[in-house]
Amino acid sequence: MSKERVGFIGLGIMGLPMAGHVLKAGFPLTLYNRTRSKAAELVEAGARAADSPAAAAAAADVIITMVTDSADVEAVIAGPGGVLEGIRPGSTVVDMSTISPETERRLDGLLRARGCALVDAPVSGGDIGARNATLAIMAGGEAESLERVRPVLQVLGKSITHCGPVGSGQVAKLCNQILVSVNLLAVSEAILFARRNGLDPRVMIKAIEGGAAGSWQLTNLGPKILDRDYAPGFMIDLIQKDLRLVLQAAFSTGAPLPATSLVHQLYLSAQAHGDGREGTPALAKVLERAAAPS
Ligand code: NAP
């Protein structure tokens with residue numbers, strides 16, 4: 001069976017290596033990126049460049065979007081020159097950005113009216129996961145739509161979980177962001193507490209990480225806090241976007257999230273101190289500033 005033709009929109013930190021894997025796996029690939037120059041390397045390797053999301057959609061059966069926020073996905077799908085202007089009936093759009101579940105449901109309605117389908121498929125695993133094709137993919141949409149795009153998603157990630165109807169991939173991803181954020185605050189507090197109470201925090205991590213309080217955040221981000229290595233990784237400005245999406249959805253569904261709200265406020269302090277483009281472990285600096293001088 002011939003491979004589906006893929007359109008890929010958004011070649012940022014995540015999208016560029018992901019589109020590279022799609023091309024390497026042999027899918028005919030058409031690319032669109034707002035900043036055209038970012039497509040050059042993959043065009044050199046055999047992809048075609050399109051002038052608009054509409055043109056990328058017209059040349060594809062499966063269209064992947066990997067842009068920033070809800071308004072950006074709206075723009076590339078439903079804005080002028082967007083996917084809806086070029087898409088052919090029977091095509092499937094896979095939005096892999098982290099955005100609001102509600103926006104996905106609205107876009108699904110617009111696509112259905114054209115005889116097309118949407119799968120929301122946000123990811124976790126960061127830029128390293130994108131480069132190594134080891135992303136965890138959380139998908140929402142009709143089971144048959146997911147089956148259709150699964151061969152493409154399989155070249156991007158190590159796990160693909162069908163979470164339910166359109167929007168539920170985003171809900172799962174936002175749960176992921178609650179967990180990583182609240183856990184990172186706990187890691188930051190434990191490191192500050194260890195230091196102030198005469199325990200080498202590296203010894204604390206070694207003693208604890210194999211037990212019940214062990215976590216990915218403690219093992220991987222704890223040492224970054226100790227090394228004052230705040231290079232992103234995942235930027236504070238981006239986790240704030242995600243926590244805003246979490247808190248908006250929590251507000252509209254009456255789900256109180258006190259710990260997530262607190263982390264959002266602490267990151268606001270980090271942004272106010274000019275640290276928005278640093279990695280999430282810079283959360284520890286907010287606590288250090290609040291503590292008595294050592
Ligand atoms: P990024 O490097 O900032 O790239 C964003 C991409 O979206 C760029 O290609 C940008 O085009 C394009 N874009 C943004 N707004 C647009 C608009 N209105 N119209 C057209 N194109 C637009 O971001 P990223 O790190 O790849 O993240 C992409 C998505 O993945 C986000 O939703 C993010 O939350 C999520 N995510 C990121 C990570 C991570 O570790 N970075 C991990 C998991 C999930 P230009 O090149 O022209 O700017």
Side-chain angles (χ1 to χ4, degrees), residues 7-21 31-43 47 49-57 63-85 93-101 103-104 107 120-139 153 156-159 169-170 172-181 184 216-217 220-221 224 230-246 267 276-281:
F8 206 109
I9 296 166
L11 303 173
I13 291 177
M14 299 294 287
L16 185 62
M18 290 165 71
H21 293 310
L31 304 166
Y32 170 78
N33 196 61
R34 183 177 57 184
T35 307
R36 304 291 160 94
S37 55
K38 289 190 195 168
E41 158 191 344
L42 291 181
V43 169
D51 282 344
S52 64
I63 301 120
I64 298 177
T65 50
M66 191 54 163
V67 295
T68 311
D69 206 341
S70 307
D72 305 310
V73 178
E74 294 246 28
V76 298
I77 293 182
V83 167
L84 281 170
E85 291 181 9
V93 174
V94 185
D95 178 34
M96 304 193 77
S97 329
T98 302
I99 67 159
S100 128
T103 301
E104 300 287 18
L107 292 172
D120 57 305
V123 301
S124 94
D127 55 328
I128 298 172
R131 282 201 301 277
N132 296 342
T134 54
L135 294 167
I137 300 171
M138 303 154 226
L153 297 183
L156 302 175
K158 65 174 180 352
S159 76
Q170 296 294 351
K173 168 71 188 191
L174 296 181
C175 290
N176 184 85
Q177 300 310 67
I178 294 171
L179 288 160
V180 295
S181 302
L184 184 57
W216 188 95
Q217 308 287 312
N220 294 287
L221 301 188
K224 283 184 188 276
Y230 301 128
F234 191 55
M235 253 183 239
I236 286 176
D237 285 345
L238 270 187
I239 190 81
Q240 283 293 68
K241 169 195 68 109
D242 294 355
L243 296 183
R244 171 177 53 73
L245 294 169
V246 170
Y267 275 132
R277 298 189 67 78
E278 296 204 321
T280 52

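These numbers come from the heavy atoms of this one structure, side chains and all, not from hydrogens, waters or symmetry mates. All ligand and atom numbering here is 1-based and tracks the order in the structure.
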Are any of the N/O atoms in [X] less than 3.5 Å from those in ligand 1?
X      : result
Phe234 : no
Ala75  : no
Tyr32  : no
Thr98  : yes
Asp69  : no
Met96  : no
Ser97  : no

Do the charged groups of [X] and [Y] touch, with an N to O distance under 4.0 Å?
X      : Y      : value
Arg244 : Asp69  : yes
Arg131 : Asp127 : yes
Asp120 : Lys173 : no

Would you say the side chain of [Y] lies within less than 4.5 Å of the side chain of [X], judging by non-hydrogen atoms?
X      : Y      : answer
Ser124 : Met138 : yes
Ile239 : Ser181 : yes
Thr280 : Leu221 : yes

Using a 4.0 Å cutoff against the non-hydrogen atoms of [X], which atoms of ligand 1 qualify?
X      : value
Val76  : 19 (N), 20 (C)
Gly10  : 9 (O)
Asp127 : 40 (O)
Gly126 : 40 (O), 42 (C)
Leu11  : 9 (O)

- For the residue pair Val43 and Ala49, what are the closest heavy atoms and their distance?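 So the two residues come closest at CG2-CB, 3.9 Å.
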- Any idea which heavy atoms bring Ser97 and Thr68 closest together, and the distance?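 Result for this residue pair: CB-O, 4.5 Å.
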- Do you see a donor-acceptor pair shorter than 3.5 Å between the side chains of Asn132 and Thr134?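 Short answer, no.
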Is there a donor-acceptor pair under 3.5 Å between the side chain of [X] and the backbone N or O of [Y]?
X      : Y      : result
His21  : Gly157 : no
Gln240 : Ile236 : no
Gln170 : Ile99  : yes
Lys38  : Tyr32  : no

Can you figure out which of [options] has its heavy atom closest to [atom]?
atom                    : options                      : result
atom 47 (O) of ligand 1 : Ile239, Ile9, Thr35          : Thr35
atom 16 (C) of ligand 1 : Arg34, Glu74, Gln177         : Arg34
atom 30 (O) of ligand 1 : Met66, Met235, Arg36, Lys241 : Met66
atom 7 (O) of ligand 1  : Thr65, Val67, Val73          : Val67

Of all the non-hydrogen atoms in the protein, which one sits nearest to [atom], and at what distance?
atom                    : answer
atom 4 (O) of ligand 1  : Gly12 CA, 3.3 Å
atom 9 (O) of ligand 1  : Asn33 OD1, 2.7 Å
atom 23 (O) of ligand 1 : Ile13 N, 4.5 Å
atom 5 (C) of ligand 1  : Thr68 OG1, 3.6 Å
atom 18 (N) of ligand 1 : Asp72 OD1, 3.0 Å
atom 38 (C) of ligand 1 : Met14 SD, 3.6 Å
atom 46 (O) of ligand 1 : Lys38 NZ, 2.6 Å

- How does Lys173 reach ligand 1, by side chain, by backbone, by both or by neither, if only non-hydrogen atoms under 4.0 Å count?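 Under 4.0 Å from ligand 1, Lys173 contributes side-chain atoms alone.
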- Flag atom 32 (O) of ligand 1 as yes if some protein heavy-atom distance to it falls below 4.0 Å, otherwise no.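 Under 4.0 Å from atom 32 (O) of ligand 1, at least one protein heavy atom found.
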- Message: Let's go through Asp242 and Thr98 carefully: what are the C-alpha distance in whole Å and the side-chain angles of both, what is the deciding distance for side-chain hydrogen bond (donor to acceptor under 3.5 Å, both in side chains) to 0.1 Å, and is it a yes or a no?
- Response: CA-CA 7 Å; Asp242 294 355; Thr98 302; 4.6 Å; no
- Might you work through the side chain to side chain contact (heavy atoms under 4.5 Å, CB included) test for Ile77 and Val93, ending with a clear yes or no? CA-CA 9 Å; Ile77 293 182; Val93 174; 3.9 Å; yes
